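Atom set for the values below is all heavy atoms of this structure, side chains included, hydrogens, waters and symmetry mates excluded. For clarity, every value in this text was computed on a predicted model and none was experimentally measured.
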Amino acid sequence: MSPRHRTRDNDTKAHGEYRTKNLILAEYDRMAAVGLTLENPLVESESGTYRSTLTPPPGHGPRHSA
């Protein structure tokens, strides 16, 4: 079984839905709603209407120096 199917199966068992996929698609929808695209990406430290819901934020946390 591939890791993708393992995640899908575990999500479905624990949450009754493929939660990982749904969270990712919701985040893409939020980004699109404020006009972020591959041609118009969010620039680091740029203030605007989009804030990542990732905790810790990208570039911070145990694998990155603050």
> What distance do Y18 atom OH and N10 atom CG have between them, rounded to the nearest 0.5 Å?
Replying inline: 10.5 Å

>> List the residues meeting side chain to side chain donor-acceptor pair (under 3.5 Å) with R30, not counting sequence neighbours, and say none if there are none.
In response: E27

> Sequence neighbours excluded, which residues qualify as side chain to side chain donor-acceptor pair (under 3.5 Å) partners of T20?
Replying inline: D11

>> Within the structure provided, determine whether T37 and N40 are in side-chain contact (heavy-atom separation under 4.5 Å).
In response: yes

>> The criterion is side chain to side chain donor-acceptor pair (under 3.5 Å); which residues satisfy it with N22, sequence neighbours excluded?
In response: E17

